[in-house]
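The structure under discussion appears below in the form of structure tokens.
A, B, ... follow the sequence lines: proteins, then strands. Residue 1 opens every chain. Computed from a predicted structure; not experimentally measured.
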Amino acid sequence: MAVAQVIIDIPAQQTNRPFDYEIPEELSDIAVPGVRVLVPFGRSGHLRQGFIWRTQDKSEFAGRLKPIAQILDLDPVLNAEMLGLASWLAEDTFSFLISCLQTMLPSALRANYQRRFYLTAPLAENDPVNQLLDHEASGLIPDKIDSALLAHLKRLEQSQQLRIEYQIKQKTKIKQEKQYSGCLQMTEYQDLFNQARANAVQQRQLLQLLVAEPSFAGNVKTWQAQLPELKSSTLTQAVQKGWLKEALVEVYRQPEVESVTTTKQQLTDEQQAAYEAIIAAISDAQNQTFLLEGVTGSGKTEVYLDAIAYARQQGKTALMLVPEISLTPQMVERVQSRFPHEVAVLHSGLSIGERYDEWRRIERGEAQVVVGARSAAFAPLKNIGVLIMDEEHEGSYKQDDMPRYHARDVILKRAETYHCPVILGSATPSLESRARAQKGRYQLLKLTKRPNQIQMPTVNVVDMRQAEKVAGKSDFSLQLITEVKKRLERHEQSVLLLNRRGYANFIMCRDCGHVIKCPNCDISLTLHRDIQALKCHYCDHQEPIPATCPACHSSKIRDYGVGTQKIEQQLQELFPEARLLRMDVDTTSRKGGHQRIIRQFGRHEADILLGTQMIAKGLDFPEVTLVGVINADTSLSLPDFRASERTFQLLTQVSGRAGRAAKSGQVFIQTYNPDNYAIQLAAKQDYETFYQTEMRLRHQGGYPPYFYTVLISVNHAQEDQAVKKVYQIQRWLQPKLSPQAIVLGPTPRMITRVNNQYYYQLIIKYKNEPRLLIALQTLIMNMQGKNNRGFQLRIDREPLQFM
DNA sequence: AGCACGCCGACT
DNA sequence: GTCGGCGTGCTC
């Protein structure tokens, strides 16, 4: 009897091992590893989705095996490489196999479990179940249902007044579109036209078109291209009247863009040297990692594109990861125009269906070049020739829920499998990567110059302790404002950065000092003036802005801190004639909001772009000649050993936005710490000195890259419980560590309470602890069962956030 | 997550 | 004596 080991999708994920199932004879041909299956699970025998992990001849399991109910794929959705990658990922990130398998696939392939009830007897008029009805006698039972209502449903089921069915819906896969085509003779259309009422303008236009071309066909858009006034309802009516016939046609959701082919640009000497090193590794199938350290504007992208072109010439595929934020239309067009019809793009703006279509194009080999954000690291490419990660230092490459993977590690792993090179590119590499280049594990390639004699911007540090301020607007130095004014006069553009990391707008009472806090979390609420509400950035809590202080009823309650909205208002007062664009989480939260703003600014529809860190990347506009940093300091004072690194990166990146073309650029950095090394060196655009300085400090403090780190965090609704558990874990773990390992804590997390859960943590710094990783695997298993209800454990290897 | 098994309290 | 509370543990 053939047996399949199946990894099952159990919501609570209390198990991390496969379950054996019998493969029915008729399914034996297609029951191969990597296919999705439906299997009965548990006493209820309800179907759940799973993945075949392995197949074998017999089972070790003593009991009776249930058979696989259904196989969902004719071809496996995960090949051998992907299954191996999942297994490595699960171990590396201390996560469950099932969650790794799920994150590697587009969510369209994930099962959608739902419960429906069907009435078998009429309900009482006031029965609460009435609210759930969405059809005549049936309704959906929501996932989040209050337990009383669920219990009520179960009672009704027991008394046979209704029955509950469990269903697994596959999310829509194939998009279909209505196609309308003429189905009558020209003379018939002519007759209809003659009969049509004189005021039926739309119908007459439509018939006129059909008289001219009786077999015209196409979707709504095609028809509207001919008749711009045409409404889709007119087409529907025409179908009803028998003038047209309609049919459903399968379409890809992202039709391929018609693009012009652009060719290779002339490379500078430095670019050429980097290119040659990379292509040698591609043609020799060497698993070599390159760190491409190039100053802003030095043309790293051109090197990437040429490397991809070389891989394509060799008949190989290529993957390029970029941070979500720089996945702009300009960027995508640049790749698409270089490799027409070969590119698949994966980013968060895609709908589930669009994402699946792109995934399918890659999987079928129809797209050989993939550009995407973090999760694109799992793109189902085969025969990869080169893997690229742009802005390699970016924190967004690490996922911050399970599995907590870093896309850099994923592509390094894939490169091992494909024996191909990896290019990590950045103007400000992470210290981890730069240190590896120092040790020779990565090969360092440098681009120190901008092509075409374009100058690096000149950077001025403005000492805000002594600078003359604009009257009444203490956030602006006179110097910066004068520069902005000059740009407005010359019709050039300015970019202003508000460094808001770790800084928020909060509400405080001037009389008693009371700060309005979130009822669920230990954090003050942030003011959002556009929606007239106070919001908590850690849970979903939201409340109206109070008119008086809730503690002392004084009316002198006002907001503190610097927010983009406030700065925007002040700028508008200073320059009433200037066209301003604001870019922050509030203005970009809607789909495409980010790209809309960038496009607008690119068309020079605004003079000043004001924004948070998101403006530091991805924009490349020739008219920008001024970059101003309003407050460089805020990110320096955070209790995180990476504070300097992040500040340096942010300032360097944003400075690089100035003077990308013929016009030279200037940068003004306002700060209260003008002597700080991160600020000084960012002003000089001197990465190498920053690297040396920061490495010394990391060495003294015993931080990465000199030590590895693991963060272990426990949370519970009761604070004493969380404390007890974290100490218990420490006592258990300590004896398993060598004396060289350093344990920090246990300590409460900086924001101890979030969503009414108390968080306590332990940080372990180590160099070589073979027993630690095994111990942590054990810990995660132990925490699942028995007396650990109500606790959540989180293990984060090489965490980027320590707070 | 479901569902059953199992060991304690208030009832026909 | 029994019915049922939901704590505990298993699901191929």
With respect to the phosphate group of B:dG2, does any side-chain polar atom (N or O) of A:R115 fall under 4.0 Å of OP1 or OP2?
-> yes
Would A:E22 and A:K58 count as a salt bridge (charged side-chain N to carboxylate O under 4.0 Å, His left out) if you check the C-alpha gap in whole Å, the side-chain angles of each, and the deciding distance to 0.1 Å?
-> CA-CA 9 Å; A:E22 181 194 322; A:K58 57 176 194 290; over 6 Å; no
Separation of B:dA1 atom P from A:I164 atom CD1, nearest Å, is 17 Å
Taking the nucleotide of DNA chain C with the closest heavy atom to each, which residue, A:R43 or A:D20, is nearer the 5' end?
-> A:R43
Round to a whole Å and report the spacing from CZ of A:F41 to C1' of C:dC10.
-> 8 Å
Between C:dT11 (C1') and A:I10 (CD1): distance, integer Å | 7 Å
Mind telling me whether A:H716 and A:F791 have parallel, tilted or perpendicular rings, with 30° and 60° as the class edges?
-> tilted
In terms of side-chain heavy atoms, does A:R404 have a donor or acceptor partner in A:T93 at a distance below 3.5 Å?
-> no
Whole-Å distance separating the CG atom of A:L47 from the P atom of C:dC12 = 12 Å
A:F61 over C:dC12, stacked by centroid distance under 5.5 Å, angle under 30° = yes
To the nearest Å, how far apart are A:D9 CG and B:dA1 C1'?
-> 11 Å
May I have the distance from A:I7 (atom CD1) to C:dT11 (atom P), rounded to whole angstrom?
-> 16 Å
Between CZ of A:R48 and P of C:dC12 the distance, given in whole Å, is 12 Å
Side-chain donor-acceptor contact under 3.5 Å, A:Y760 with A:E719 = yes
What integer distance in Å separates A:I8:CD1 from C:dC10:P?
-> 16 Å
